[in-house]
There are 2 protein chains.
Amino acid sequence: MQKQQLLTKNQQIIFDLIDKSTEPMKAYAILFNVQKKGIKAPLQVYRALDKLVEIGKIHKIESRNAFIACQNSSCQVSKATAFSICEICEKVTEISSASLSKYLTNFKDKDGMKYSKYNLEFFGLCKKCR
Amino acid sequence: MQKQQLLTKNQQIIFDLIDKSTEPMKAYAILFNVQKKGIKAPLQVYRALDKLVEIGKIHKIESRNAFIACQNSSCQVSKATAFSICEICEKVTEISSASLSKYLTNFKDKDGMKYSKYNLEFFGLCKKCR
DNA sequence: TACATAGTGTTATATTATAACAATTTACTA
DNA sequence: TAGTAAATTGTTATAATATAACACTATGTA
Ligand SMILES: [Zn+2]
Ligand SMILES: [Zn+2]
Ligand SMILES: [Zn+2]
Ligand SMILES: [Zn+2]
């Protein structure tokens, strides 16, 4: 059992905001929302985001420059992530498929190289948007 | 047989540069390199990049905000891409594995949803850096 | 020709992210 | 418990990435 990571004040404020959000949040939208709580500068946001990503509490959606809370209780470290992204409404869902993660974690390239980390983003239309 | 896409002048200049590069290129590094050829503004670069990505001649490495020429002659459209990225030297290689692309193209999530596009980035250490 | 479509050139601006430095808090240990 | 290293914070400034808006030009085709 891994020791539960305690969040600092800024990290907690920012995590709570992202966690409550129903959609991925961008850094400056986060900044705008936490200014009333005393977080005034971009760096304060980015530092908290970096840490939260590092410990796996949130993930960055690279194609959108946005951040989402981990929806997968087992993601204690951010090293194997997969998302589905709707190209119309921009809804993002973290995919948790044992077979997918097994396949990718064990994937070896032509040279037999195995990787320590991956990020996969699927694009399509969600149920509502079809 | 798909009609060969003809590139415009700016597109060709920028594609040639990226194609010759041994590493992914960032937009402003591209701009710097093509200024002597008359491409002076970021927008001229980004417009060419957008088009080249759209037709599959180059791909964007999302985690690096950089662009690489397609190394896979069959990628006429950019809709199923996979890369390996060395976390030390930043070397990027396009992975072309029939079994991987088959697995991902056919992947369905819990709701039975199939996706029209994906991008996968693997991270690790390349041969040289291990 | 007339029209639609795609591409270009240009200026300005928006968005995303980091550098540098000083101060403070926290956790560990001598 | 004082000492100290590590992590976090606050702050200002700036770097890096990307798009808006508008006028103009080339290209294909009816
Ligand atoms: Zn997760
Ligand atoms: Zn949707
Ligand atoms: Zn390709
Ligand atoms: Zn390497």
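Chain identifiers are assigned alphabetically (A, B, ...) following the order of the sequence lines, protein sequences preceding nucleic acid strands; residue numbering begins at 1 within each chain.
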What is the separation between atom [atom1] on [X] and atom [atom2] on [N], rounded to the nearest whole Å?
X	N	atom1	atom2	value
A:L7	C:dT25	CG	C1'	16 Å
B:K37	C:dG9	NZ	P	14 Å
B:L31	D:dT19	CG	P	15 Å
A:N10	C:dT26	CG	P	12 Å
B:I14	D:dA18	CD1	P	14 Å
A:Q12	D:dT8	CD	P	14 Å
B:M25	D:dA16	CE	P	15 Å
A:Q11	D:dG10	CD	P	12 Å

- Message: Please determine whether residues A:I58 and A:I95 belong to a single hydrophobic cluster, defined as Ile, Leu, Val, Met, Phe, Trp and Tyr linked transitively by side-chain heavy-atom distances below 4.5 Å.
- Response: no
- Should B:I68 and B:L49 be regarded as members of a common hydrophobic cluster, given that ILVMFWY residues are connected when their side-chain heavy atoms come within less than 4.5 Å of each other, either directly or indirectly?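 No, separate clusters.
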- Looking only at heavy atoms, what is the nearest atom pair of B:P24 and B:V92, with distance? CG-CG2, 3.6 Å
- Task: Grab the two heavy atoms, one from B:G124 and one from A:S116, that are nearest each other, plus how far apart they are.
- Result: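 So the minimum-distance heavy-atom pair works out to CA-OG, 3.8 Å.
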Check nucleotides 23-28 of chain D for protein N or O atoms closer than 3.5 Å to its own N or O atoms and list the pairs.
none

- Supply the members, apart from A:L125, of the Ile/Leu/Val/Met/Phe/Trp/Tyr cluster built from side-chain contacts under 4.5 Å; use none for a lone residue.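 A:L125 shares its hydrophobic cluster with A:I88.
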Under 3.5 Å, which protein N or O atoms sit close to an N or O of nucleotides 3-5 of chain C? Give each pair with its distance.
none

- Item | Which residues share a salt bridge (Lys or Arg N to Asp or Glu O under 4.0 Å) with B:R47, sequence neighbours left out | none
- Message: Going by the rule salt bridge (Lys or Arg N to Asp or Glu O under 4.0 Å), which residues pair with B:K117 if we only count those two or more places apart in sequence or in a different chain?
- Response: A:E87
- Message: Checking A:D109 now: which residues fulfil side chain to side chain donor-acceptor pair (under 3.5 Å) with it, not counting sequence neighbours?
- Response: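 If we apply the side chain to side chain donor-acceptor pair (under 3.5 Å) test to A:D109, skipping adjacent residues, the hits are A:Y115.
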- Item | Short side-chain N/O contact from B:T8 to OP1 or OP2 of C:dA6, under 4.0 Å |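 Checking B:T8 against C:dA6: no side-chain N or O falls below 4.0 Å of OP1 or OP2.
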- Among B:I14, B:I13, B:N10, which residue meets the side-chain contact (heavy atoms from CB on, under 4.5 Å) test with B:V45?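 That would be B:I14; it is the only one of B:I14, B:I13, B:N10 passing the side-chain contact (heavy atoms from CB on, under 4.5 Å) with B:V45.
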- Message: Show every ring pair (Phe, Tyr, Trp, His ring centres under 6.0 Å) that has at least one partner inside residues 79-103 of chain B, sequence neighbours left out.
- Response: A:Y103-B:Y103, B:H59-B:F83
- Message: Does anything in residues 15-38 of chain B form a side chain to side chain donor-acceptor pair (under 3.5 Å)? List the pairs, not counting sequence neighbours.
- Response: B:Q12-B:D16
- Heavy-atom protein contacts under 4.0 Å, nucleotides 10-22 of chain C, coded B base, S sugar-phosphate only, - none: BB----BBBBB--
- Query: Angle, rounded to 10°, between the helical axes spanning five pairs at each terminus of the helix from C:dT1-D:dA30 to C:dA30-D:dT1?
  - Reply: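 Its terminal axes enclose an angle near 30°.
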- Item | side-chain contact (heavy atoms from CB on, under 4.5 Å) partners for B:K114, two or more places apart | B:N106, B:K108
- Message: Just to verify, what does B:S63 make a side-chain contact (heavy atoms from CB on, under 4.5 Å) with, not counting sequence neighbours?
- Response: A:E62, B:I61, B:I85, B:E121, B:F123
- Task: Determine, stepwise, if the pair B:M113 / A:R130 fulfils side-chain contact (heavy atoms from CB on, under 4.5 Å).
- Result: CA-CA 11 Å; B:M113 161 131 188; A:R130 252 171 307 172; 4.1 Å; yes
